[in-house]
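These values consider heavy atoms only, across backbone and side chains, with no hydrogens, waters or symmetry-generated copies. Every value quoted in this text rests on a predicted model; they were computed, and no experiment measured them.
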Amino acid sequence: MHRRDLLRALLASAAWPSGVCAGDSLEALIGAAGPVARRVIASPRAWQPQVLWTPCVRENGEWRAQATRRSGLRPRRWFAAASWVKLPLAGLLLEALGRRGLDPSGGLRLEVDGSSACAPLPSAQPGGWPLDGLFQAMLVVSDNRAYNALFELLGSDAIHQRLADIGFPGIRMATRLGCPQSRSAGKLGARLRDARGAVVWESPAQRHEAFQRFPHGPALAGRAWAEGGRVIPGAHDFSDSNFVPLTDVHQMTLEFGAGIGRRFGLSPAHRRWLADVLSLVPRLAGGLDAEQRTLPDDHSKWLLPLDRSGHFPSRLRIHSKNAQSYGWIGDSAFVADDVAGRACAITAVLFVDRDGVLNDGVYDYAGTGRPFLREVGAALVAG
């Protein structure tokens with residue numbers, strides 16, 4: 001069966017084909033995925049594609065990872081982690097809630113002392129923001145304001161100490177999303193209240209936080225930088241920007257989607273809750289506002305195409321988090337067919353800036369980025 005016919009059959013019947021091209025290299029599978037994937041894989045220096053793929057099998061009621069295949073992986077090269085920083089924050093916050101015996105869906109509300117915030121926060125609500133709604137906004141529709149609010153419950157110092165303790169020393173996520181300054185102005189005060197209004201977690205303000213830098217030296221990218229209506233020649237230094245190694249993104253996707261390689265100290269209930277949130281599409285996320293629930297099913301899930309009804313194949317669960325910033329675009333997903341007992345984790349990112357001028361908003365997300373991810377995701381799910 002030709003690959004295009006295989007992918008068509010996947011979407012039409014939601015069946016999971018068995019073992020096609022199992023002996024092929026990952027580069028061969030990507031190259032056969034479609035015309036955009038062939039174009040990208042043929043020019044790796046221009047597009048900088050990086051892909052990880054881990055097939056999984058069901059054994060004794062649990063998912064087991066098989067060997068991970070890698071293509072183009074450059075672990076010491078900086079790329080824009082963008083919204084992938086939301087994955088470790090979700091895991092760390094659920095750990096902290098578990099230590100306090102708190103349920104993320106138990107009517108908790110968050111308040112943040114935002115008068116000195118350097119980054120935008122959600123619109124004020126009487127009594128604070130519903131915690132479960134913030135989690136859903138952050139993970140289902142990738143809302144940056146929700147991330148910024150949740151970040152202040154922990155703060156940069158606690159985040160980086162805990163990440164190092166559990167085996168993620170290379171992650172850098174001190175910069176709040178949308179903050180114009182690289183050095184933190186300090187952690188804001190934050191608190192959680194229960195349904196009766198009692199404070200159940202007080203997180204005090206902190207005037208200074210340790211400066212976090214890219215761990216592998218200067219992080220230079222682009223040939224110029226656009227700012228204030230002018231173009232500044234020379235590569236831009238992203239050394240003080242957020243960064244998550246692609247292997248860490250992939251590991252968290254395996255853990256949060258399938259429970260494989262557990263590093264975060266999550267209770268079984270919190271682990272199930274997080275997996276459920278990562279599988280939601282906007283129309284099924286009750287914690288979102290009315291406008292967010294009108295977003296399409298693939299608003300933040302980019303590794304598979306929708307069927308003719310505008311939905312993903314009904315047999316598949318897709319636990320995922322995407323990322324897009326400064327010309328880098330990526331997605332990481334654990335895709336499972338529980339009926340067939342087959343699954344895989346896919347993490348992919350590429351660079352789609354064509355003129356070398358970063359921060360100008362001119363990136364080929366629609367023409368190359370999204371099509372590449374769809375072609376590769378569908379091919380690897382089928383493979």
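- Between F79 and W84, the two ring planes are perpendicular [angle over 60°; tilted spans 30° to 60°].
- A distance-only check finds no donor-acceptor pair linking the side chain of N148 to the backbone of F151 [under 3.5 Å].
- Aromatic ring centroids of F135 and W273 lie under 6.0 Å apart.
- Atom CZ of R77 has more than 12 neighbouring heavy atoms from other residues, nucleotides or ligands inside a 6.0 Å radius.
- At least one donor-acceptor pair under 3.5 Å links the side chain of N242 to the backbone N or O of T175.
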| query | Do R145 and D143 pass the salt bridge (charged side-chain N to carboxylate O under 4.0 Å, His left out) test, and can you show the C-alpha distance, the side-chain angles, and the key distance before you say yes or no? | reply | CA-CA 6 Å; R145 294 171 183 256; D143 186 279; 5.9 Å; no
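- The SG atoms of C56 and C344 lie 2.5 Å or more from each other.
- K301 places a side-chain N or O within 3.5 Å of a backbone atom of I318 that can act as its donor or acceptor partner.
- Rounded to the nearest 0.5 Å, atoms CG (L284) and NE2 (H311) are 8.0 Å apart.
- Proximity of a side-chain donor or acceptor of S300 to a complementary backbone N or O of V140 within less than 3.5 Å is detected.
- In summary, D298 and R370 engage in a salt bridge, as defined by a charged side-chain N under 4.0 Å from a carboxylate O.
- When each of Y365, W78, Y363, F243 is paired with W328, the ring-ring contact (aromatic ring centres under 6.0 Å, His included) condition holds for W78 and for no other.
- Environment of CD in E291: sparse, with no more than 12 heavy atoms of neighbouring residues, nucleotides or ligands closer than 6.0 Å.
- Pairing each heavy atom of R100 with each of W201, the nearest pair is NH2-NE1, 3.2 Å.
- Classified by interplanar angle (parallel below 30°, tilted 30° to 60°, perpendicular above 60°), the ring pair W225/H236 is parallel.
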